[in-house]
Amino acid sequence: MAIILKPINLIGFSIAKSVGLKGSNQPDDIFMIKTLLNGIAPQDGGGDGTLDINDLTNTPEAMEPVIDAILVFQNAQTGLLHDGRVDPEKNTIKRMRLMFNRRKGGGLDVNVTITPDGPIFGPCDARGFSAARLRLGGDEWSAFDGLAPVRQMVPIGKTRKLKLKGTNGAAVGFALESSRVEMLERTSDTVTVIGRLEGNADLSVIVEGQRGPIPVRLQVRKAFSIPIDVVHLGRATLANGLMIATQRAVTSVVSRIYDNQSNLTFTSATSRIVDAVTTEGRVVPIDPNKKLSIRSGFGPLTTAQDFRFDDLKSLVTNPAAITMFISTQIIDDQDSNIAGRRSRQSNAMLQSRNAGKREHQYCARA
């Protein structure tokens with residue numbers, strides 16, 4: 001089913017709830033305010049890099065330097081309320097964005113609407129467009145990075161189009177200087193590019209009234225293919241031909257999503273049946289007609305067909321492939337690599353840890 005994405009509004013540095021004295025002080029919002037203050041010059045009331053953006057705790061002691069920094073900024077600026085708090089889209093954060101951009105050369109203060117071009121298949125960003133601006137936190141692309149650019153994946157030899165509109169009718173222009181990407185066409189509010197060489201290039205979006213250009217990171221990727229191995233947990237009453245057809249159908253759907261998003265495709269590899277799994281030193285036969293529970297953590301195994309994630313890792317034969325375990329009876333325990341979460345009717349699970357990280361990377365940074 002084709003999904004039409006709504007336009008994505010980029011307001012730049014924004015917070016969901018208040019930060020500072022008597023504020024909600026959510027970690028993501030604290031990170032945003034610290035980042036802004038660190039980027040503002042001292043003569044404008046900024047912190048000039050003195051605030052620790054890795055400390056996002058909101059205890060009274062931890063918030064004291066943040067509140068002090070907010071008050072310093074408010075006292076240095078005219079027309080601001082000196083309350084030691086930053087509220088969403090009120091005068092203090094608007095002035096912070098202005099002062100940050102004055103020093104950094106702009107890029108995040110003007111509200112610009114960027115619309116990915118065309119419909120896509122599957123619940124992912126259209127054709128590799130991402131406004132998430134995430135940074136890697138441990139193994140996951142989950143932490144917000146206010147300094148990261150908007151990104152657009154461009155396959156080598158293929159085109160991508162972006163539609164942009166400045167707030168209040170502001171004129172929009174484009175600039176691109178790179179051998180990796182070629183600009184094929186541009187109008188007053190659209191630009192079409194084609195990938196030439198693998199690597200990154202920055203498309204500069206120039207908006208009337210904006211102090212500096214807004215960067216869009218173009219990530220040019222060559223085609224890449226990953227095999228999918230399928231392991232059927234238990235000898236279900238499926239003919240071999242139907243098993244292979246199911247595998248190919250799954251591969252086709254997954255490829256259709258990732259090909260648009262990351263120039264990554266998946267191919268059908270091996271398919272086999274496993275009648276038993278070894279757990280805690282004992283071999284447990286699999287009954288395809290009984291519930292099969294997969295645990296990602298520790299604790300006692302409570303049912304006859306209760307396995308741990310590491311028990312299945314031993315069944316992986318090709319580390320370079322994604323191994324998919326299929327059963328009509330799987331009950332997941334909310335592991336991040338298990339499909340069908342929140343449903344006790346899930347019937348497939350992606351096992352490969354490395355492949356899982358790769359997928360998170362493509363999703364977050366496409």
Side-chain angles (χ1 to χ4, degrees), residues 138-142 224-255 257-258 264-364:
D139 290 337
E140 306 290 335
W141 294 98
S142 56
F224 188 73
S225 180
I226 297 177
I228 293 182
D229 289 342
V230 173
V231 176
H232 296 268
L233 297 174
R235 193 171 295 275
T237 56
L238 287 175
N240 188 55
L242 184 56
M243 287 172 48
I244 295 174
T246 301
Q247 179 180 2
R248 288 176 177 172
V250 170
T251 302
S252 175
V253 171
V254 174
S255 287
I257 295 172
Y258 282 92
L264 175 66
T265 58
F266 298 88
T267 59
S268 295
T270 64
S271 179
R272 59 196 172 100
I273 297 173
V274 171
D275 294 312
V277 175
T278 300
T279 182
E280 296 184 336
R282 57 191 176 87
V283 178
V284 179
I286 296 176
D287 185 342
N289 298 312
K290 293 182 179 180
K291 297 297 183 183
L292 191 153
S293 176
I294 308 297
R295 295 176 176 271
S296 58
F298 299 99
L301 302 178
T302 57
T303 64
Q305 294 194 145
D306 202 359
F307 305 107
R308 291 196 174 90
F309 197 84
D310 284 347
D311 297 331
L312 300 185
K313 289 174 66 175
S314 63
L315 301 176
V316 174
T317 58
N318 182 5
I322 289 178
T323 300
M324 178 178 291
F325 292 91
I326 294 180
S327 170
T328 58
Q329 302 293 336
I330 286 180
I331 305 172
D332 73 58
D333 117 343
Q334 296 196 2
D335 188 277
S336 60
N337 286 319
I338 297 179
R341 193 182 304 120
R342 302 184 187 91
S343 170
R344 298 182 71 86
Q345 301 302 318
S346 57
N347 60 11
M349 179 176 68
L350 294 180
Q351 192 278 337
S352 172
R353 287 285 189 183
N354 291 331
K357 292 178 186 177
R358 187 184 300 119
E359 289 169 21
H360 285 302
Q361 177 173 349
Y362 278 112
C363 287

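All residue numbers in this chain count up from 1 along the given sequence.
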Which value, rounded to the nearest 0.5 Å, describes the distance between [X] atom [atom1] and [Y] atom [atom2]?
X      : Y      : atom1 : atom2 : value
Ile273 : His232 : CD1   : NE2   : 6.5 Å
Thr267 : Ile322 : OG1   : CD1   : 10.0 Å
Ile226 : Phe266 : CD1   : CZ    : 5.0 Å
Leu315 : Phe325 : CG    : CZ    : 5.0 Å
Lys291 : Asp306 : NZ    : CG    : 13.5 Å
Lys313 : Arg308 : NZ    : CZ    : 13.5 Å

Does either side chain, that of Asp311 or that of Thr279, offer a donor lying less than 3.5 Å from an acceptor on the other one? yes
With side chains defined as the heavy atoms from C-beta onward, is the minimum distance between Ser268 and Ile228 less than 4.5 Å? no
Check for a donor-acceptor pair, side chain of Ser255 on one end and backbone N or O of Ser252 on the other, with a separation under 3.5 Å. no
Under 3.5 Å, side chain of Asp229 to main-chain N/O of Thr270, donor-acceptor pair present? yes
Where do Ile326 and Leu233 land on the side-chain contact (heavy atoms from CB on, under 4.5 Å) test, with the steps shown first? CA-CA 6 Å; Ile326 294 180; Leu233 297 174; over 6 Å; no
Which atom of [X] lies closest to which atom of [Y], heavy atoms considered:
X      : Y      : result
Ala276 : Pro285 : CB-CA, 3.9 Å
Thr317 : Arg272 : CG2-NH2, 3.4 Å
Pro227 : Asn318 : CG-ND2, 4.1 Å

Using the side-chain contact (heavy atoms from CB on, under 4.5 Å) rule, take Thr323 and Val231 through it: C-alpha gap first, then chi angles, then the decisive distance, then the call. CA-CA 7 Å; Thr323 300; Val231 176; 4.0 Å; yes
